[in-house]
Amino acid sequence: MLFNQIYWNPSEGIDLGFFVIHYYSLMFVVAFTIGWYLMKSIYKREGVSIEKLDSLFIYTVLATLIGARLGHVIFYDWDYFQNHLLEIFLPVRFEPEFQFTGFRGLASHGAAIGIITAMYLYCRNVLHKPVLWILDRIVIPVACGGIFVRIGNFMNSEIIGKPTNSDFGVVFTKIGEDFARHPAQLYEAACYLIVFIILWLTYWKTLKREKLGYIFGLFLVLLWSVRFFVEFVKEPQVGERVNWVLNTGQWLSVPFILAGFYFMYRSSPKTRVK
């Protein structure tokens, strides 16, 4: 059977002797690198100067990391960070003893808000096009990047699934367990691959790309619907919310899904690119 009692206990990364390349960090590098090449092909098709791609890369990287970090702090762990403000942007923990932790707390909802904000600034300061124009295109590499982020989570044995109560699943021995759980990270990564393919084909093979906001809306509906449903097999990330009808990730996904339907189905002559 697939995932029949797979025991999962990988190393933290690639040990170079003097330095360890953490898999999670490596997945971010892979995601941003592939994203750059995807956007390069889109910019070439649209006749946009490749020079503007470097600025887009900087805006996107900063927005993703800052937004994701603040999203985790505000949505998931404010009770802790309100008393440890320095740790929000420092990769360390001061209590109970000093420890280098890296930036393990990142939230995709925060990253989404950060990227949308950054794209508005990028369009105003660099691209000089409607913000929905870039959002329709940037969501394609964003969906692709989500695949690698979830693989990184799997490598770290974090954002784990609920117990399967069967022989099916992954045993995350790294966190001291001896029973199988749903590999929720891999479920999500596989779904994001499908979302990426749908967005890529919609852009390259249909005229929907000419309607401002349609592909962005499609992204919001597809990606956050995936997040909503996969959350049913995830362990809640905030302990005291375990008895909620929907968990934090699901409640945060609903507004994005509704906004997506709005952008897909709104009708206005101004929504078409001339």
Side-chain angles (χ1 to χ4, degrees), residues 12-13 20-36 55-122 135 138-139 141-160 184-185 188-189 192 219-220 223-224 226-227 230-231 234-241 247-253 255-256:
E12 291 189 358
V20 176
I21 301 176
H22 291 270
Y23 292 122
Y24 189 63
S25 300
L26 180 61
M27 290 299 101
F28 266 91
V29 173
V30 171
F32 284 125
T33 301
I34 293 177
W36 189 89
S55 297
L56 176 65
F57 182 81
I58 295 172
Y59 273 82
T60 305
V61 171
L62 291 178
T64 300
L65 297 180
I66 295 174
R69 183 59 173 171
L70 288 177
H72 172 78
V73 169
I74 296 170
F75 299 141
Y76 291 97
D77 209 4
W78 179 243
D79 288 343
Y80 174 82
F81 283 104
Q82 64 180 332
N83 298 315
H84 303 83
L85 296 179
L86 285 178
E87 295 179 17
I88 294 177
F89 291 111
L90 295 177
V92 300
R93 183 180 293 271
F94 292 104
E95 297 178 1
E97 60 183 16
F98 182 84
Q99 179 186 6
F100 180 81
T101 60
F103 292 113
R104 292 182 179 271
L106 300 174
S108 55
H109 295 90
I113 296 172
I115 290 173
I116 292 171
T117 303
M119 291 306 97
Y120 167 77
L121 296 175
Y122 172 73
L135 288 175
I138 196 68
V139 293
V142 167
C144 180
I147 302 169
F148 296 98
V149 171
R150 286 298 177 247
I151 292 175
N153 294 141
F154 183 70
M155 298 299 295
N156 277 355
S157 299
E158 60 189 7
I159 311 184
I160 55 178
Q185 312 96 321
E188 205 165 340
Y192 288 165
F219 163 84
L220 293 178
L223 186 130
W224 296 111
V226 167
R227 178 66 185 272
V230 173
E231 288 290 325
K234 283 184 184 178
E235 287 286 6
Q237 296 182 58
V238 183
E240 63 271 20
R241 302 175 190 172
N247 65 29
T248 304
Q250 291 171 314
W251 283 116
L252 292 173
S253 297
F256 286 103

Self-check item: side-chain contact (heavy atoms from CB on, under 4.5 Å) between Phe32 and Thr64, worked out
Solution: CA-CA 10 Å; Phe32 284 125; Thr64 300; 4.0 Å; yes
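When every heavy atom of Arg150 is checked against every heavy atom of Ile159, the shortest pair comes out as NH1-CD1, 3.7 Å. Across every non-hydrogen atom of Pro141 and Gly35, the tightest pair is CB-CA, 3.5 Å. Ile151 and Ala189 make their closest contact through CG1-CB, 4.4 Å (heavy atoms, listed as atom of the first residue, atom of the second, distance).
The aromatic rings of Phe28 and Tyr24 lie perpendicular to each other, with more than 60° between the two planes, well past the 30° mark.
Atom CE of Met155 and atom CG of Asn153 lie 11.5 Å apart (nearest 0.5 Å). Distance CZ/Phe256 to CG/Leu220: 7.5 Å, rounded to 0.5 Å. One distance of note links CD of Gln185 with OG of Ser157; it measures 7.5 Å at 0.5 Å rounding. Interatomic distance, Leu121 CG to Ser55 OG, rounded to the nearest 0.5 Å: 12.5 Å. Taking CG from Leu56 and OG1 from Thr60, the interatomic distance works out to 4.0 Å, rounded to the nearest 0.5 Å. In this structure, OH in Tyr120 is found 11.5 Å from OH in Tyr59, a value given to the nearest 0.5 Å.
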Using residues 108-116 as the side-chain source, report each donor-acceptor pair under 3.5 Å to any protein atom, sequence neighbours left out, with the distance given to one decimal.
residue	atom	partner	partner atom	Å
Ser108	OG	Arg227	NH1	2.5
His109	NE2	Gly249	O	3.3
His109	NE2	Ser253	OG	3.1

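Using a distance-only test at 3.5 Å, with no hydrogens or angles considered, a donor-acceptor pair links the side chain of Gln250 to the main chain of Asn247.
In this structure Ile34 satisfies the side-chain contact (heavy atoms from CB on, under 4.5 Å) test together with Val30, Leu38, Cys144, Phe148, sequence neighbours excluded.
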